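Bear in mind that the values here come from a model prediction, so they are computed numbers and not experimental data. To find a chain, count down the sequence lines: A is the first, B the second, and so on, and within it residues start at 1.
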Amino acid sequence: MLDLKALRRDPEVFRASHASRGGDPGDIDAVIALDERRREAIGRMETLRADRRQMSKQIGQAKDADTREALKAQVAAFKGELQSLEELSRTLEAETQAAVAALPNLVADDVPRGTTEDDNVVIATHGERPTFDFEPKPHWALGTDLGQIDFERGVKLSGSRFYVLRDDIARLQRAVIFYLLDLHTRRGGYRELYLPFVVRGETLFASGQLPKFADNLYRDHEEDLWLVPTAEVPITNFHGDEILEGDALPLRYCAYTPCFRREKMSAGKDVRGIKRGHQFDKVEMYAFVRPEDSEAELEKMRADAEAACAGLGLPYRVKALCTADLGFGARKTYDLEVWSAGCGEWLEVSSVSNVWDFQARRAKIRYRAEAGGKPELVHTLNGSGLGIPRAMIAILENNQQADGTIRVPEALRPFMGGVEVIGG
RNA sequence: GGAGGGGUGGCCGAGUGGUCGAAGGCGCUUGACUCGAAAUCAAGUGAGUGGCAACGCUCCGUGGGUUCGAAUCCCACCCCCUCCGCCA
C-alpha cells in the first residue's frame, strides 16, 4: 500500500509512476479528492467529539440533578449530527483505504520504461547452452516415455493442469528442493521456515494478493482459509503487526511450499507439460531490511537466485522488468530465465523484487532504528529461489541423452541416493 | 466437538461505568554516583491519525450495541489456555 501522506505531498511523482505502468493518472487525483473529503469530515467529527467529552466530564462532576439534566439535553442536541458525521467518516475512511490499497507500488527510478513485456531488458546472460547430436525432446515427451511424468492420472485425480511425478523424476524434484534449501541456508544466510499452506484472508491482504487477485486463489469457504499462491504470503505476515529491534535486521528467510493458483485468466496458455500447473512447488527467499539497505539487498538476492541457476548447471539470463511488466507490489524486479533445450525457450524460474515499504505498510511491519526511537516501516524483498517445475524442465531437457535417459546434475547427486542417470 | 477460564502498552500485569491512555514491574533512554562497569538513585519512555503549530481525536482481541459518558455493561465473532472426546 502506498503512503497516503506522501501521495498528498507529492502527487506528481505518483501520477507519473502510475502512468508509466499503464495506469490512469486520474486514479491518483481521485484518491486525493476522496482523502480531502475524508479529512474534512473527520475534522468536524472530532470537534464534536471533543465537545461531547467536555460535557460528559461536567455531567460526572455536576453536584445537582438539575445541572446534570441541562447538560444532558445539550449533548442530546447535537447527538444526531455527531452520529451522521461518524457514519460519513467511516464510509469515507473505508473508501479511501480501498482506493489506496488498489494502487500499485511506486516504480523505482531506474526501472526501464516500457509498454509491453517486450520492453524488458536483458542485462546479463550466463552459461553455455547445451548442444546435441540428436533432436532434443521436450520434457513432456521425455517424462512420458520414461513413464515418470503421468499427465493422464493427474487429470483423473484433479482435472486439467495437474500431473503426477513418479519414481526418479519425483525424487529429482525432491532433490532440487533439498539442494535449494541447503544452498540458501548455507550460502545466502537465509533461515529456513516451514509454513502453513493455508492462510487467513488478512494474511493475503497484508502481502497484497487481496482484494485485487482473489480470483486467482483457491479458497475454503467452510473455514474461510485460502491456499497460499506463494510462500511470500505467509512469510510477509510472519512479522506482521510486529515492531522489530533494529539490530535484528536484516532478517532473511527461505521456505519451501507448494503454490496453488487457479490461473483462470490464462486458460489455454502453456497447457503442454508441467510449465504452468494449478499446483507447483517453489523455494522462496525473503528479506526484511532497513530501508537504506533494500537496494543492496535486491542485488544480493538476485545473486542468490543466480547462484541457484548456476549451481544446477543451467544457462540463464537476467532481465530487468520494465514499468509495464512490473508486478503490483514491486518497485523494481529482476526476472531470471533458464534456457530449456527441448522446448527451445527461456523459462522464468525466478522473480526477485524490491517491494520497498509497500507490504510493510499493509502488514504493519516496523522496526526501531535505535533503542527508544520511533518505529519505522521496514523494507521487504522477495525472490524465487527457484520455481521448481521450470527448473525441472530445464534440468530434464538440457541433460537428456540420445536414448531418452537423463543425466542427474552433479549438485543433485547427493540427494539422489546414488542415481546418476534417470531411466538408465 | 463439549465444559470452564482468559485476551490490557516493546514484554509482564493491575484495573468492573466518569477525574483511565490506563497503577506497578521489566525493558529502554538520559542524568547522578564510579577510573569504568555492575548495583543504586532521579527523570523520561505506547501506537496511530489530523494540524504549520497550539492542540485535538482514535486505539485496552475484532465488530456491533446500551449510555450524557465504556477497558469496565450487553450481543456476535476471532484467538489462547485447562479438562473431556476424537485423532495422523
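Protein atom CD of Glu93(A) is 13 Å distant from nucleotide atom P of rC59(B), rounded to whole Å. If you measure from atom CD of Glu370(A) to atom C1' of rG27(B), you get 17 Å, rounded to the nearest angstrom. Atom CD1 of Ile59(A) and atom P of rG69(B) are 8 Å apart (whole Å). Distance, Asp241(A) CG to rG9(B) P: 11 Å, rounded to whole Å. For the pair Arg9(A) CZ and rG51(B) P, the computed distance is 11 Å after rounding to whole Å. Between the C1' atom of rG50(B) and the CD atom of Glu36(A) lies a distance of 14 Å, rounded to the nearest Å. Atom NZ of Lys364(A) and atom C1' of rC59(B) are 11 Å apart (whole Å). The interatomic distance linking Ile365(A) (CD1) with rG10(B) (P) rounds to 16 Å, in whole Å.
Place Pro375(A) and Arg68(A) on RNA chain B by their nearest nucleotides, and Arg68(A) ends up nearer the 5' end. Heavy-atom distances to RNA chain B give each of Met55(A) and Arg366(A) a nearest nucleotide, and the one nearer the 5′ end belongs to Arg366(A).
When the side-chain nitrogen and oxygen atoms of Lys374(A) are compared with OP1 and OP2 of rG46(B), none of them lie within a distance under 4.0 Å. Proximity of Arg8(A) to the phosphate of rG50(B): a side-chain N or O atom is located under 4.0 Å from OP1 or OP2.
The same atom, P, is picked in rC81(B) and in rG50(B); the two are 37 Å apart, to the nearest Å. Of the P atoms belonging to rA22(B) and rG46(B), the separation is 9 Å, rounded to the nearest Å. For the C1' atom pair drawn from rU72(B) and rG6(B), the interatomic distance equals 16 Å after rounding to whole Å. Annotation: rG51(B) and rU19(B) have their C1' atoms spaced 28 Å apart (nearest Å). Comparing the P positions of rC33(B) and rA38(B) gives a spacing of 15 Å, expressed to the nearest Å. Between the C1' atoms of rA23(B) and rG9(B), the separation comes to 13 Å (whole Å). Going from the P atom of rC84(B) to that of rC68(B) covers 48 Å, rounded to whole Å.
Of the N and O atoms on the side chains of Thr236(A) and Tyr286(A), at least one donor lies less than 3.5 Å from an acceptor on the other residue.
No option in Thr144(A), Asp145(A), Leu146(A), Asp150(A) other than Leu146(A) meets the side-chain contact (heavy atoms from CB on, under 4.5 Å) test with Gln148(A). Only one option out of Asp24(A), Thr323(A), Asp27(A) pairs with His18(A) in a side chain to side chain donor-acceptor pair (under 3.5 Å); it is Asp27(A).
Residues Phe288(A) and Tyr367(A) keep their aromatic ring centres 6.0 Å or farther apart.
A 4.5 Å side-chain heavy-atom check between Arg219(A) and Asp224(A) finds at least one atom pair inside the cut-off. Side-chain contact between Gln400(A) and His139(A) is absent, with no heavy atoms from C-beta onward closer than 4.5 Å. Counting heavy atoms from C-beta on, the side chains of Pro229(A) and Val233(A) come closer than 4.5 Å.
A tilted orientation is assigned to the rings of Tyr253(A) and His239(A), their planes being inclined by 30° to 60°. Taking the six-membered ring where the residue is Trp, Tyr194(A) and Phe197(A) present perpendicular rings, their angle passing 60° and hence far from 30°.
Side chain of Arg38(A), nearest nucleotide from rA47(B), rU49(B), rC68(B): rU49(B). Comparing rG51(B), rC68(B), rA47(B) against the side chain of Arg368(A) picks out rA47(B) as the nearest. Distances were taken from every side-chain heavy atom of Arg90(A) (C-beta onward) to each of rG50(B), rG64(B), rC68(B); the shortest belongs to rG64(B).
Nucleic acid contact class of Lys5(A) (heavy atoms, under 4.0 Å, all strands): sugar-phosphate only.
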**Message:** Let's go through Arg38(A) and Asp35(A) carefully: what are the C-alpha distance in whole Å and the side-chain angles of both, what is the deciding distance for salt bridge (Lys or Arg N to Asp or Glu O under 4.0 Å) to 0.1 Å, and is it a yes or a no?
**Reply:** CA-CA 5 Å; Arg38(A) 170 189 147 261; Asp35(A) 177 51; 2.3 Å; yes
What are the atom names and distances for every N/O pair under 3.5 Å that joins the protein to nucleotides 55-58 of chain B?
| residue | atom | partner | partner atom | Å |
| --- | --- | --- | --- | --- |
| rG56(B) | N2 | Glu46(A) | OE1 | 2.6 |
| rG56(B) | N2 | Glu46(A) | OE2 | 3.2 |
| rC57(B) | O2' | Glu46(A) | OE2 | 3.2 |

**Base-contact (B) and sugar-phosphate-only (S) positions in nucleotides 71-81 of chain B, heavy-atom cut-off under 4.0 Å, - elsewhere** = -------SS--
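Judged by the 6.0 Å distance and 45° axis criteria, Arg174(A) is not positioned over the aromatic ring of Phe415(A).
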